[in-house]
Amino acid sequence: MSEKMTKTVIRAFWAWNSEKEERWLGRMAAQGWRLAAPRGVYYRFEKAEPAAVVFRLDWRSPKKAERAEYLGLFQDAGWEHAGEFGGWHYFRTPAGDGPPPEIHTDPESRMDMYRRLLGFISIIFIAVWVPFFTRLTGRWPSGTVWSAFRVFQALLTVLWIYILVRVGLKVRELKRGKGAEVKP
Amino acid sequence: MSETDERARRALPLTEATYYVLVSLVEPRHGYGIMQNVAALSGGAVRIGPGTLYGALTNLLKQGLIERAGDEETEGERRKVYGLTALGRSVVLFECERLEMMARIGRVAADRIREQESEKNGPKEPTS
């Protein structure tokens, strides 16, 4: 079997399930696949020595001027910026003996993160679907292609609402202090 | 009561992380300095992660409790320095007073509970 130097894995994650993604990226690193670039719907990995690495994801879209400040804090705290996509920042640090290090050390800041994400998703939802909804009431061209298009739009709308609800529930869960994994 | 005092009272209560960031800035520090200071003050018991810290700094800047106080350059690394504003200083004073009062009241209750426990259980150690 020939050993490839890089590999691409098609994979996306639900916004409310970022912890699962962190664990998976850690397992990839343990198998010798170093994250080279997250691209939203796929990841690029490079072959490397197997390493015990902790991944943490943060969602934030810092303004250009504050970007150095933001990344600088993580760097000072010992986190390497492994890449970003769509506001998700991938940070990694070598795993120690103790409990895994955290980038969010209180439930409030995790809740804030999901709140910001919820706001962002809502804005996109409104921006993308307002034209669609206004057309619903207006005239639509007939024909198979357009019917298929409408079905597709309807499915996407359902998906988007599902995402909004799940992220909203995540915020509520953290608000009630059930963010068990971030408790000190 | 002055207007600053009133605004300071309105900023209370602070989250735990925000409180530690704010009290650290009684001397101007950069982000890394805040993390180190909080760990040192609490004997390592309280750690503030960079995600939480960035969020706290952003919120405090927005609320006008802290301000940027220039840059500091050490070993080629350029870091932003933050300091308390007048409003931030009042908030620290008010919050400290509030917490002291709460601790004082809590201590009275805690002493009474210990008394009740020892009356109930005798001299042996309380079990959970």
Side-chain angles (χ1 to χ4, degrees), chain A residues 18-19 22 54-63 65-82 84 87-93 96 98-117 119 171 174-175 177 179 181-184, chain B residues 11-25 28-63 66-83 95:
Chain A
S18 58
E19 294 93 353
E22 293 167 351
V54 174
F55 274 88
R56 287 291 177 263
L57 269 60
D58 191 26
W59 192 86
R60 189 171 288 273
S61 48
K63 292 175 206 145
E66 290 167 15
R67 192 186 157 82
E69 215 169 331
Y70 172 72
L71 295 179
L73 283 181
F74 282 81
Q75 197 191 326
D76 283 340
W79 293 89
E80 184 198 349
H81 191 236
E84 63 179 287
W88 287 101
H89 292 263
Y90 292 70
F91 294 99
R92 70 179 149 219
T93 195
E102 295 295 345
I103 59 170
H104 292 280
T105 41
D106 66 358
E108 288 94 349
S109 77
R110 274 184 74 77
M111 194 178 72
D112 276 354
M113 174 180 116
Y114 283 106
R115 263 204 194 130
R116 287 194 307 274
L117 183 57
V171 171
L174 289 167
K175 200 174 189 170
E181 77 278 10
V182 293
K183 277 190 184 153
Chain B
L12 301 180
L14 304 165
T15 70
E16 212 179 313
T18 318
Y19 177 70
Y20 286 119
V21 172
L22 206 59
V23 296
S24 293
L25 290 179
R29 287 175 212 278
H30 49 61
Y32 186 46
I34 296 171
M35 289 190 249
Q36 288 176 314
N37 185 57
V38 171
L41 284 179
S42 65
V46 180
R47 299 253 175 211
I48 295 189
T52 297
L53 178 59
Y54 185 81
L57 289 172
T58 310
N59 289 339
L60 288 169
L61 282 168
K62 215 186 294 171
Q63 287 175 280
I66 62 170
E67 62 193 357
R68 294 177 195 281
D71 291 351
E72 191 188 293
E73 210 163 333
T74 34
E75 291 155 32
E77 294 280 347
R78 208 181 180 78
R79 298 188 177 98
K80 299 267 181 219
V81 175
Y82 307 88
E95 185 66 342

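In what follows, every chain begins at residue 1, and chains take the letters A, B, ... in the order their sequences are listed. All values reported here derive from a predicted model rather than from experimental measurement.
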Q: We want to know whether B:Ser24 and B:Tyr82 form a side-chain donor-acceptor pair, criterion being a heavy-atom distance below 3.5 angstrom.
A: no
Q: What part of B:Ile34 is in contact with chain A, defined as an atom under 4.5 angstrom from a non-hydrogen atom: side chain, backbone, both or neither?
A: neither
Q: Might you confirm whether atom OH of B:Tyr32 has over 12 heavy atoms from other residues, nucleotides or ligands at distances under 6.0 Å?
A: no
Q: Does the distance from a Lys or Arg side-chain N to an Asp or Glu carboxylate O, for A:Glu19 and A:Arg110, drop under 4.0 Å?
A: yes
Q: Quick check: A:Tyr70 with A:His89 (ring centres under 6.0 Å apart)?
A: yes
Q: By a 4.5 Å heavy-atom criterion (distance strictly below it), what part of B:Glu16 contacts chain A: side chain, backbone, both, or neither?
A: neither
Q: Below 4.5 Å from any heavy atom of chain A, which atoms of B:Arg78 appear? Answer side chain, backbone, both or neither.
A: neither
Q: Any chance you could lay out the side-chain contact (heavy atoms from CB on, under 4.5 Å) test for A:Leu73 and B:Leu57, step after step, and finish with the verdict?
A: CA-CA 11 Å; A:Leu73 283 181; B:Leu57 289 172; 4.2 Å; yes
Q: For the candidates B:Gly55, B:Gly49, B:Ala56, which exhibits the highest count of non-hydrogen atom pairs separated by less than 4.5 Å from chain A?
A: B:Gly49
Q: Pick from A:Arg116, A:Glu108, A:Met113: which one has the most heavy-atom pairs with chain B under 4.5 Å?
A: A:Glu108
